Peer 1: 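Below is one structure. I have some questions about it.
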Amino acid sequence: MEPIQLPEWTALAPALLFALTALALFVYDSIEPRSTNRTVLAGTATVGSLASLTVAVWFVLAGVGTPGVDGGNGVVDLFGGQFVVDQLTLFFSIVVAVVATLVSIASYDYMEGHAYQAEYYSLVMLAATGMTTMAAANSLVTVFIALELSSLPSYALVSILKTNRGSVEAGLKYFLIGALSSAVFVYGVSLVYGATGHLQLEAIANNLGGAAEFGGLLGLGIVMLLGGFAFKTASVPFHFWAPEAYEGAPAPISAFLSSASKAAGFVITIRVFTTAFPLEEATAVIGIDWTLAFVVLALVTMTLGNFAAATQENVKRMLAYSSVGHAGYALIGLAGLGAGANDLVLGAAMMHLLVYGFMNTGAFLFVGLAEHWGVGRTFADYNGLSKQAPIACAAMAVFLFSLAGVPPLGGFWSKYFLYVGAIEAGLLVVAAALVVNSALSLYYYSRLVKALWIEDPVAGRDSLSQPTGLYAAIVVAAVVTVALLPGFGPVAEFAIDAAAAVVP
Amino acid sequence: MMIEALIAVALTGALVTFLAPNRVAGKLAFAVSLVPAALSLWMFTAFDGSGNALLGGDLAFESRAEWISLGEYAITWFVGLDGISMPLVVLTTVLVTLAIVSSWTPIDERESQFYGLLLFIEANLIGVFAALDFFLWFVFWEAVLIPMYLMIGVWGGPRRKYAAIKFFVYTNVASLVMFGAVIALVFGLGDPVTSFGLPEIADAMVNGDGVQRTVLGIAPGTLASLAFVAMFLGFAVKVPVVPFHTWLPDAHVEAPTPASVLLAGVLLKMGTYAMLRFNFTMFPEQVEAYAIPIAAVAVISVIYGAMLALAQTDLKRIVAYSSVSSMGYVILGLVAYTTFGVGGATFQMVSHGLISGLMFMAVGVVYNATHTRMVTDMSGLADRMPVAIGILVAGSFAYMGLPLMSGFYGEFTIFFGAFQSELLAYAPAFTALAMFGIVIVAGYLLFALQRTAFGPYRLETDYEIGRAPLHDVAPMIVLLALIVALGVAPDDLLFEMITDAVDPILNGGEF
């Protein structure tokens, strides 16, 4: 039987499905303004995200994006190279869709009784559209547009709790720093354009030779692009917004931003740096190896993030800072591109982002559950929760141990592969820093496990409700975090294949 | 697929029990745990393996599947049993079942979670003894930590938080040291080894060229020695060996009875089992080079542990410190490197698992009745609770090595093997010193018994002392029966199976 041939533009289906869902929500909102029908709204968003996830997984299974496969199945180039759909695109589309699904399910309870519900879900869907588009963007213009498409809804989402001062303030900070970094990014784009005369990534790479006399200009442009990426991935020194925004935002949005948005930031960073600035040619022109920047960035980011996390008293801030630390781990993937085992270390970083999509989302959703119960925000407030909610607390223990990289869980595997990748790339200092930081992170993660399971509650608590949506999302995330262990084989292979395809 | 079945039943059972209501959890967990216990006993009788798992022996219940392929190094699901691991798997399943029964009395809150964790730990312990791929093994090895941490931390005594954290930090750091050593070793082995399969690593170390590559600027010879030492230290914490033993009494005293039973009965054996598999199987040359320091550490553990036990007044602490002492014998047997030494050490792992499990249960029953564990508070309990005290006395005799009980055979073979050791210089001297430990053991146990069990009845509590319920006594009787059975027919039941797997180690992998 002949495989069904679809038109080429359908390769963007994961992003288009998100966009369609957002539009459907708008339509519903205009028919029935101010609707608080949570079932319809959260249901639509969930179905849309699941559809996007299904399509992305189907594409992977059908071999879309696999290099060297013909018949509309191979790497799909769209609109003159403005977009590309390859394994890297699909991998990150899956990460985004997974997080969007979990967030939609969890928001069903979290947004109960809230005003702008239709707006909330459509903004989430729009942001997800932007993030999926980021995964496919293959030109500095589309990168920028996708970046803004995901950022603008995010600003609104962070401050959607209009009556909450923290939320509004967080949104404002996020917006101001975001606008600044966009400006820096666009300026970098213009410098790169000035030096090479092109915006499409392959074209930039092909014309690097012609930019020999503009080495300094190009170098400055690259640094400015890096600034934009560092903002999006919450890497030091552009991380200051992250703890504020994550703390002030509604917890599902914190989960969304710290997992999906971060993964999307990484996919454009990977794409731009591997495609547009091949290491050797770029080094010849600008005179310095750009992986050095990532080595420094990785070291500083993971160390600072973990140390800051270790000193927090507020659970959400602790998770926020630890997510800065995890950005540092993922940066190792780019830092390791300099020598040896390229695809291994980059693939490991991608795996880490996938595992992170489950465990970190789950952890933030648990915080959302705690906010839903109104138990408070500090470690002490979480004391003894396991007596009343053993299942959710068991799931949280899974997330925390996995984030810390304790062996049986998903987080251990991705960290271990990063470690091996870093060693093979000769980055001994980075590998050592990874181990030390993981050990440190065990301290503050296990502190929360201790609070949940071992400490007795300080004050009596009323019995806690069991919101279906939040529980479902948390349990699913926990099950996958554990189930990734036996299923790591195919995931690892796909990630490394995808990485090998983009590494020159 | 038998091993997978054991693990799967325990894991599913853990999940179901965790979700079940508290009131049925204990019985449910017991029913579930009967399945792996029965299965593993059947496997024990149907066992058809021969030789050593790591040195080209025929494995029983072997299964192997591709799992993760990472560049040139593959990680596989690879499990199987030989004469060393088979008895330990049975020990695990039996002891877990009995521990579940013995928890019915002391565990009275959050039962479903407790029993869920017990079954979860069972699955991982089976995995530790059956896994033959380093990564798989390490996953199980580390997964044991979390449930034990929670069991001590949630259901433990007054200082449970301190004890739980100390346990977690100590053993986790030790695991990291050992993990680094194995990874460095595998990288150092070079091209022929492309997986983390333990048989492959062992084969390359024993029959192959050993470490060839320089890793991180460390020369091959040094790397092998460093890996040996780092692994030994990593496992020594788990055993535990003096001076890494301080977490053990704390953990034991604070842990609830069933957790203590598993901790002493099986978890400590993970350390000596891993030493046997890694240090003593893979590094024959280093064993020879480091024999004297290892034997010294073993003897110090024996004597010092026994002296510490002598100084305690808390019954549970006495049993806890005596474990340090008994595990010292095991290490002495391993380093003797003779059939009787290593075989006896393996036998002693099983035997001590049964005896220490029995002792902790007995102490637990006494505590449930009297609400005190202080030797100084009790006197003449034998009058009031004859069955439980009778079992405590029998267990103590087993501990002291009374003939016709398994402890005698285990210790005797170890001493016999250690005495004639050719590898260990001054072997007779070390053995003689270690044997002195038996005297101290007899001393503190008789001392404790004499004060608690015999003499006029006196107890400074308000509690009514009565006979222990049947479900508290039954598991101890089962253990006692096993101890006697192993003591009466050690060769037929266990020792032949063990020596069959031990001999290839001593012959350098050749027959």
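Reminder, nothing fancy here: chain letters follow the sequence lines and each chain counts from 1. Quick caveat: nothing in here was measured; it's all calculated off a predicted structure.
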Peer 1: Can you tell which of B:W77, B:F168, B:Y149, B:W141 has the highest number of heavy-atom pairs within less than 4.5 Å of chain A?
Peer 2: B:Y149

Peer 1: Counting heavy-atom pairs closer than 4.5 Å to chain B, which one of A:I454, A:V406, A:L442 comes out on top?
Peer 2: A:I454

Peer 1: Write down the atom of B:F18, the atom of A:P390, and the distance for their closest heavy-atom approach.
Peer 2: CZ-O, 3.7 Å

Peer 1: Apply side-chain contact (heavy atoms from CB on, under 4.5 Å) to the pair B:L145 and A:F401, showing each step before the final yes or no.
Peer 2: CA-CA 11 Å; B:L145 274 186; A:F401 280 125; over 6 Å; no

Peer 1: Less than 4.5 Å to any heavy atom of chain B: does that hold for the side chain of A:I391, its backbone, both, or neither?
Peer 2: both

Peer 1: Using a cut-off of under 4.5 Å on heavy-atom pairs, state which of B:R110, B:Q113, B:E142 scores highest against chain A.
Peer 2: B:R110

Peer 1: One pair to check against ring pair (Phe, Tyr, Trp, His ring centres under 6.0 Å): B:F179 and A:Y416. What are the steps and the verdict?
Peer 2: CA-CA 11 Å; B:F179 182 76; A:Y416 169 69; 5.8 Å; yes

Peer 1: Would the number of heavy atoms belonging to other residues, nucleotides or ligands and lying under 6.0 Å from CZ of B:F138 be above 12?
Peer 2: yes

Peer 1: For the residue pair A:Y443 and B:V169, establish whether any side-chain heavy-atom pair is separated by less than 4.5 Å.
Peer 2: no

Peer 1: Rounded at 0.5 Å granularity, tell me how far CD in B:E109 sits from NZ in A:K387.
Peer 2: 5.5 Å

Peer 1: Taking every non-hydrogen pair under 4.5 Å, which of A:S386, A:A397, A:S446, A:A439 racks up the most with chain B?
Peer 2: A:S386

Peer 1: Would you give the length of the straight line joining atom CZ of A:R447 to atom CD1 of B:I165, rounded to the nearest 0.5 angstrom?
Peer 2: 11.0 Å

Peer 1: Count the heavy-atom pairs under 4.5 Å between each of B:V139, B:I152, B:N172 and chain A, then report the option with the highest count.
Peer 2: B:V139

